[in-house]
Trainee: 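Quick one: the structure is below, questions incoming.
Reckoned from all heavy atoms, side chains included, excluding hydrogens, waters and symmetry mates. The first residue in the sequence is number 1, and the count goes up from there.
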Amino acid sequence: QLQLVESGGGLVQPGGSLRLSCTASLSLGAYAIGWFRQAPGKEREGVACISLSDGKTYYAESVKGRFAISRGNANNTVYLQMNSQKPEDTGVYSCAARLWCDLTTTDDYKYWGQGTQVTVSS
């Protein structure tokens with residue numbers, strides 16, 4: 001079984017930066033890792049995804065140019081660098097694994113982390 005753990009969340013002012021980590025208990029191999037976020041009373045949305053097999057990345061339009069997803073050299077860690085943060089970036093961020101990237105749905109993401117809170121506020 002695969003276990004995922006997120007870390008790096010916290011409180012940041014608008015315009016600031018945070019880096020989230022998603023660490024897996026096993027080598028991610030050919031998995032894809034997606035980051036999702038959810039604010040209270042709002043639907044969950046896909047933020048970014050990386051395919052570990054070829055390194056291809058995908059982003060929601062709302063975060064393009066501000067966020068960057070990357071993989072660590074140990075093949076069991078994925079990062080989400082968040083720059084120029086806005087209040088609307090606030091939410092619980094979770095990482096999840098499936099066989100290929102798709103940010104339009106949570107379907108087929110079999111493994112999920114516990115989530116980490118990100119709050120962007122002045």
Side-chain angles (χ1 to χ4, degrees):
Q1 61 276 343
L2 177 65
Q3 296 178 333
L4 303 174
V5 178
E6 304 95 337
S7 63
L11 175 65
V12 64
Q13 295 184 4
S17 299
L18 287 173
R19 189 178 74 163
L20 305 182
S21 298
C22 176
T23 301
S25 60
L26 302 171
S27 175
L28 291 170
Y31 280 106
I33 297 293
W35 283 98
F36 296 81
R37 68 187 181 191
Q38 187 171 29
K42 299 185 181 298
E43 66 181 12
R44 183 176 297 182
E45 62 175 340
V47 176
C49 188
I50 184 168
S51 172
L52 274 297
S53 63
D54 58 14
K56 291 183 178 179
T57 59
Y58 306 83
Y59 298 94
E61 187 66 29
S62 61
V63 306
K64 286 182 179 178
R66 300 189 299 117
F67 290 11
I69 190 169
S70 61
R71 56 186 173 186
N73 56 19
N75 203 38
N76 70 337
T77 304
V78 170
Y79 302 103
L80 182 67
Q81 179 68 45
M82 305 185 293
N83 298 324
S84 302
Q85 292 206 265
K86 304 176 180 180
E88 52 263 44
D89 294 326
T90 294
V92 176
Y93 284 68
S94 301
C95 62
R98 55 173 284 170
L99 293 181
W100 61 86
C101 282
D102 189 345
L103 291 176
T104 68
T105 179
T106 57
D107 292 352
D108 296 328
Y109 285 93
K110 184 176 180 179
Y111 305 99
W112 290 81
Q114 82 288 351
T116 185
Q117 177 72 44
V118 172
T119 302
V120 184
S121 176
S122 61

Trainee: Are the side chains of Val120 and Met82 in touch, meaning some heavy atoms are under 4.5 Å apart?
Mentor: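 Side chain of Val120 against side chain of Met82, heavy atoms only: no contact under 4.5 Å found.
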
Trainee: Which value, rounded to the nearest 0.5 Å, describes the distance between Ile50 atom CD1 and Tyr59 atom OH?
Mentor: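 If I round to the nearest 0.5 Å, the distance is 7.5 Å.
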
Trainee: Can you see which heavy atom on Gly46 is nearest to which on Phe36, and at what distance?
Mentor: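 Closest approach of Gly46 to Phe36, heavy atoms only: CA-CD2, 3.5 Å.
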
Trainee: Do you know which two heavy atoms are closest between Gly34 and Tyr109, and how far apart they sit?
Mentor: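 Heavy atoms of Gly34 and Tyr109 come nearest at N-CE2, 4.2 Å.
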
Trainee: Are Trp112 and Val5 connected into the same hydrophobic cluster when the rule is that any two of I, L, V, M, F, W, Y join if their side-chain heavy atoms are below 4.5 Å apart?
Mentor: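 Result: no, two separate clusters.
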
Trainee: Which atom names give the shortest non-hydrogen contact between Ala24 and Leu2, and what distance separates them?
Mentor: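 Reported closest heavy-atom pair: CB-CD1, 3.7 Å.
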
Trainee: Just how far is it from atom CG of Leu80 to atom OG1 of Thr116, taken to the nearest 0.5 Å?
Mentor: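 Between Leu80 CG and Thr116 OG1, I get 11.0 Å after rounding to 0.5 Å.
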
Trainee: Which value, rounded to the nearest 0.5 Å, describes the distance between Ser53 atom OG and Leu28 atom CG?
Mentor: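 One gets 11.5 Å once the value is rounded to the nearest 0.5 Å.
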
Trainee: Minimum heavy-atom separation for Cys49 to Leu103, with atom names?
Mentor: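 Distance-wise, the nearest heavy atoms are CB-CD2, 3.8 Å.
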
Trainee: Could you give the distance from CG (Leu4) to CG (Leu26), rounded to the nearest 0.5 Å?
Mentor: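 Between Leu4 CG and Leu26 CG, I get 9.5 Å after rounding to 0.5 Å.
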
Trainee: Quick test of your reading: applying salt bridge (charged side-chain N to carboxylate O under 4.0 Å, His left out), list the pairs with at least one residue in residues 102-122, sequence neighbours left out, ordered by first then second residue.
Mentor: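 Qualifying pairs: none.
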
Trainee: Does Cys95 offer a backbone N or O that forms a donor-acceptor pair with the side chain of Glu6 under 3.5 Å?
Mentor: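 Flag set: sc Glu6 to bb Cys95 pair under 3.5 Å.
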
Trainee: Would you check if Val118 and Leu20 make a side-chain contact, meaning some heavy-atom pair closer than 4.5 Å?
Mentor: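 Touching, per the 4.5 Å side-chain cut-off.
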
Trainee: Any salt bridge (charged side-chain N to carboxylate O under 4.0 Å, His left out) pairs touching residues 40-52, not counting sequence neighbours?
Mentor: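 Listed by first then second residue: Arg37-Glu45.
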
Trainee: Considering non-hydrogen atoms only, spot the tightest contact between Ile69 and Trp35 and give its length.
Mentor: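 Reported closest heavy-atom pair: CD1-CD1, 3.6 Å.
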
Trainee: For Ile33 and Cys22, what are the C-alpha separation, side-chain angles and deciding distance, and is it a side-chain contact (heavy atoms from CB on, under 4.5 Å)?
Mentor: CA-CA 9 Å; Ile33 297 293; Cys22 176; 4.2 Å; yes

Trainee: Using a cut-off of 6.0 Å, state whether more than 12 heavy atoms not belonging to Gln3 lie near its atom CD.
Mentor: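 Atom CD in Gln3 is not crowded, with 12 or fewer foreign heavy atoms closer than 6.0 Å.
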
Trainee: Below 30° counts as parallel, above 60° as perpendicular, anything between as tilted: where do the rings of Phe67 and Tyr93 land?
Mentor: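 Answer is tilted, since the angle falls between 30° and 60°.
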
Trainee: So Thr23 and Ser21, side-chain hydrogen bond (donor to acceptor under 3.5 Å, both in side chains) or not? Walk me through it.
Mentor: CA-CA 6 Å; Thr23 301; Ser21 298; 5.6 Å; no

Trainee: Considering only residues two or more places apart or on different chains, which pairs with a residue in residues 69-80 satisfy side chain to side chain donor-acceptor pair (under 3.5 Å)?
Mentor: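 Found Ser27-Asn75.
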
Trainee: Under the side-chain contact (heavy atoms from CB on, under 4.5 Å) rule, what do Asp89 and Val12 come out as? Steps first, then yes or no, please.
Mentor: CA-CA 10 Å; Asp89 294 326; Val12 64; over 6 Å; no

Trainee: What is the minimum heavy-atom distance between Thr90 and Ala39, and which atoms define it?
Mentor: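 For Thr90 and Ala39, the tightest heavy-atom pair comes out as O-CB, 3.7 Å.
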
